[in-house]
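What follows is a single structure, written as structure tokens, with notes after it.
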Amino acid sequence: MALDNAFYDDTLASVYDQMYPLDGDTVQAIDFIGELAPPGGRILELGVGTGRIAVPLAELGYDVHGIEGSTAMLTKLKERDPDGKVTTHLGDFTEATTGEQFDVVTLVLNTFYVAITKEQQLSCLRNARGQLRGGGKLIIEAFDPAPYHDMKKPEVSVRHLSERAIMLDTLTVDRSKQLMVATHTILSAGSPETKRHVIRYAFPAEIDLLAQLAGLRLAGRWAGWTKLPYTSASLRHVSVYEPDQDV
């Protein structure tokens, strides 16, 4: 994640895998990404987190790298990957580069929105473009912001973490800046802990324009990893970009 918005400290890193457990959606993501990389190909995940997707890909024989701005998240990744199958780099994924090129670069689970200005988002796309091989693919998975853009008051939800812990999520939106502010309060046996983070959502057409400015063009968009058609009713999208050879 971006270093100036690296909100996944020790507290949130410790519950991240409970917030986003391995499930069928994860398996579908791994299959989707694997289809775009040649056998044994090179994959880079920007904002690699705890390695929820990177580690299984590496176990399938891909040469997987990840850039991450949170040392706490990389510590959790190491626990999942004690043999070091994933090569990790500490840094701001909007700017930091491996100095290498890959068949596939990924930004999954809304990670693109962690870049909280359009300038950072453009920098992120340019950085991804610079690390793509000729014919390579960039994959972005993100929620569609339309339902949230119309929010007029905070929304509160509860997330079950374990038998002894829950997380209260409070969400507010600043439509003028396309910012979403989330406050997470963890209730467990100890004292409540509250963490706050900000993301900048972008509509698909805006991402396409930023991608074009970064030398990329849209190759395909679906409503999810199973490649259902993307429509006006879709709640998220998986978009694939490729280098624009005309740039």
Side-chain angles (χ1 to χ4, degrees), residues 1-3 5-115 124 127-128 130-133 136-142 159 161-162 165 167 184 186 195 197 225 238 240:
M1 64 185 60
L3 286 174
N5 194 29
F7 47 81
Y8 281 108
D9 58 5
D10 289 338
T11 298
L12 285 183
S14 69
V15 298
Y16 183 85
D17 288 337
Q18 295 162 275
M19 295 168 64
Y20 305 105
L22 295 173
D23 55 16
D25 191 66
T26 303
V27 173
Q28 293 161 2
I30 292 166
D31 290 343
F32 185 105
I33 295 167
E35 288 179 2
L36 293 181
R42 312 195 74 217
I43 299 172
L44 170 64
E45 183 174 352
L46 301 180
V48 67
T50 65
R52 180 179 64 97
I53 288 177
V55 174
L57 283 169
E59 291 173 343
L60 290 173
Y62 295 102
D63 179 11
V64 182
H65 290 236
I67 299 177
E68 173 60 45
S70 167
T71 54
M73 295 289 271
L74 288 179
T75 297
K76 298 300 290 185
L77 188 153
K78 183 62 177 176
E79 293 175 6
R80 174 176 273 157
D81 180 32
D83 296 328
K85 293 184 175 66
V86 177
T87 302
T88 59
H89 310 260
L90 177 65
D92 180 342
F93 69 72
T94 68
E95 299 177 350
T97 176
T98 61
E100 303 178 44
Q101 293 191 314
F102 299 84
D103 300 294
V104 176
V105 176
T106 69
L107 283 152
V108 301
L109 201 63
N110 313 315
T111 298
F112 180 66
Y113 296 158
V114 174
C124 175
N127 193 29
Q131 295 178 90
L132 275 178
R133 287 176 171 171
K137 299 290 189 292
L138 167 65
I139 304 171
I140 295 178
E141 178 202 14
R159 194 192 310 252
L161 298 179
S162 70
M167 177 181 286
H184 305 295
I186 301 173
K195 302 294 178 179
H197 73 265
W225 297 113
V238 174
V240 176

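For the residue pair E79 and P82, the shortest heavy atom distance occurs at O-CD, 3.7 Å. Scanning both residues, G47 and T111, for their nearest heavy atoms gives CA-CG2, 4.0 Å. Of all the heavy atoms in I67 and G91, the pair that sits closest is CG2-O, 3.6 Å. Looking at every heavy atom in both residues, M167 comes nearest to L161 through CB-CD1, 4.0 Å.
Contact check for I30 versus I53: side-chain heavy atoms found under the 4.5 Å cut-off.
The CG atom of L77 sits 9.0 Å away from the CD atom of E45 when rounded to the nearest 0.5 Å. Separation of atoms CD (E141) and CG (N110) is listed at 6.5 Å; rounding is to 0.5 Å.
Every residue two or more places apart in sequence or in another chain that forms a side chain to side chain contact (heavy atoms under 4.5 Å, CB included) with A58 is listed here: V64, K85, V86.
Annotation: ring pair (Phe, Tyr, Trp, His ring centres under 6.0 Å) contacts involving residues 48-79, sequence neighbours excluded, comprise H65-H89, H65-F102. For the ring pair (Phe, Tyr, Trp, His ring centres under 6.0 Å) condition, the pairs that include at least one residue of residues 25-54, sequence neighbours left out, are F32-W222, F32-W225.
Between T88 and E68, the side chains place no donor N or O within less than 3.5 Å of an acceptor N or O (distance only, hydrogens not considered).
Judged by distance alone, the side chain of R80 and the main-chain N or O of T50 form a donor-acceptor pair under 3.5 Å.
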